[in-house]
Amino acid sequence: MRIRTLAATIVTSLALGAGALAAAPSPQAEAFSVLDDFMAAFNARDEEAWIGTLHFPHVRIASGRTQIDADAAAFAEGMDFDAFAEATGWHHSAWTSREVTQAGPEKVHVKVRFTRYREDGSVLAVFDSLYIVAKRDGRWAVAARSSFAP
């Protein structure tokens, strides 16, 4: 009887463990979740939440230059949502498409297209980019972006 109870306990434990492994999100799902949070924070003009979706140092290649922000403070210095909106007519943005081009257990390359909209919902601009989402110290976040957006 003890052997059957022990065997049943082992089988149940293995089944529960396998279920937990099966429930773990894939790197692609983790990357898309980060990108959803990135866009939601950007649209909410929530600087702290937006910074929370990034790894530092953070790299952005755009407008003919490579910008490397060493930390969150350096990144925050360069971003003013209200000034950005006023200068461009931007109200909000949305992912138009997202396609994983390469993925490993701790890094995902995502080819994206996003659309910037005016307050009336009309299209301001559409841009293609490559986002690199990585897992560092157990946390997924955007490590680098290469964009055709200014």
Side-chain angles (χ1 to χ4, degrees), residues 11-150:
V11 168
T12 301
S13 295
L14 290 173
L16 290 174
L21 288 176
S26 69
Q28 294 89 333
E30 294 281 12
F32 278 29
S33 178
V34 167
L35 293 178
D36 289 342
D37 293 345
F38 175 97
M39 189 63 77
F42 190 75
N43 285 331
R45 301 180 189 196
D46 185 337
E47 184 178 291
E48 186 175 325
W50 195 43
I51 287 171
T53 67
L54 306 175
H55 277 308
F56 294 96
H58 184 77
V59 178
R60 182 167 187 258
I61 303 168
S63 302
R65 65 188 184 112
T66 300
Q67 179 176 330
I68 301 172
D69 291 305
D71 54 33
F75 182 83
E77 281 181 32
M79 187 58 196
D80 180 337
F81 284 109
D82 293 331
F84 173 70
E86 187 176 320
T88 64
W90 171 82
H91 179 264
H92 67 282
S93 298
W95 300 119
T96 308
S97 65
R98 299 183 296 184
E99 176 189 345
V100 172
T101 60
Q102 296 171 312
E106 295 188 351
K107 184 169 59 169
V108 180
H109 297 179
V110 186
K111 178 178 129 179
V112 304
R113 174 170 285 164
F114 63 90
T115 303
R116 289 183 180 161
Y117 295 92
R118 295 179 185 89
E119 188 170 5
D120 66 5
S122 62
V123 172
L124 181 62
V126 179
F127 299 104
D128 293 318
S129 299
L130 176 67
Y131 280 54
I132 299 172
V133 183
K135 182 179 181 182
R136 294 186 191 154
D137 300 323
R139 184 177 77 86
W140 285 91
V142 179
R145 301 174 285 153
S146 176
S147 180
F148 292 100

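- Taking CG from Leu35 and CZ from Phe42, the interatomic distance works out to 13.5 Å, rounded to the nearest 0.5 Å.
- Applying the ring-ring contact (aromatic ring centres under 6.0 Å, His included) criterion to Tyr117, with sequence neighbours excluded, gives His92.
- Counting non-hydrogen atoms of neighbouring residues, nucleotides and ligands closer than 6.0 angstrom, the CD atom of Gln28 exceeds 12 such neighbours.
- For Glu99, the salt bridge (charged side-chain N to carboxylate O under 4.0 Å, His left out) partners are Lys111, not counting sequence neighbours.
- Summarising the local packing, CZ of Phe84 is surrounded by more than 12 heavy atoms from other residues, nucleotides or ligands at distances under 6.0 Å.
- If you take CZ on Phe127 and OG on Ser147, they are separated by 7.0 Å, rounding to the nearest 0.5 Å.
- The aromatic rings of Tyr131 and Trp95 sit perpendicular to each other, their planes meeting at more than 60°, with 30° as the lower class boundary.
- Note that the CZ atom of Arg60 and the OG atom of Ser129 stand 7.5 Å from one another [nearest 0.5 Å].
- Between Asp82 and Arg45, some side-chain heavy-atom pair lies under the 4.5 Å cut-off.
- A salt bridge (Lys or Arg N to Asp or Glu O under 4.0 Å) check over residues 120-146, counting only residues at least two apart or in different chains, returns the pairs Arg113-Asp128.
- Remark: the backbone N or O of Ala134 is paired with a side-chain donor or acceptor of His55 at under 3.5 angstrom.
- Nearest approach of Val100 to Phe32, heavy atoms of both residues: CG2-CE1, 3.7 Å.
- Between His58 and Phe75, the ring-plane angle classifies as perpendicular under the 30° and 60° cut-offs.
- Between atom CG of residue Asn43 and atom CZ of residue Phe38 there is a gap of 10.0 Å, rounded to the nearest 0.5 Å.
- Leu130 CG to Thr101 OG1: the interatomic distance, rounded to the nearest 0.5 Å, is 6.0 Å.
- Ser122 places no side-chain N or O within donor-acceptor distance of the main-chain N or O of Arg118, the cut-off being under 3.5 Å.
- The OG1 atom of Thr53 sits 14.5 Å away from atom CH2 of Trp140, with the distance rounded to the nearest 0.5 Å.
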Item to check | Verdict with supporting geometry, Ile51 and Glu47, side chain to side chain contact (heavy atoms under 4.5 Å, CB included) | outcome: CA-CA 6 Å; Ile51 287 171; Glu47 184 178 291; 3.8 Å; yes
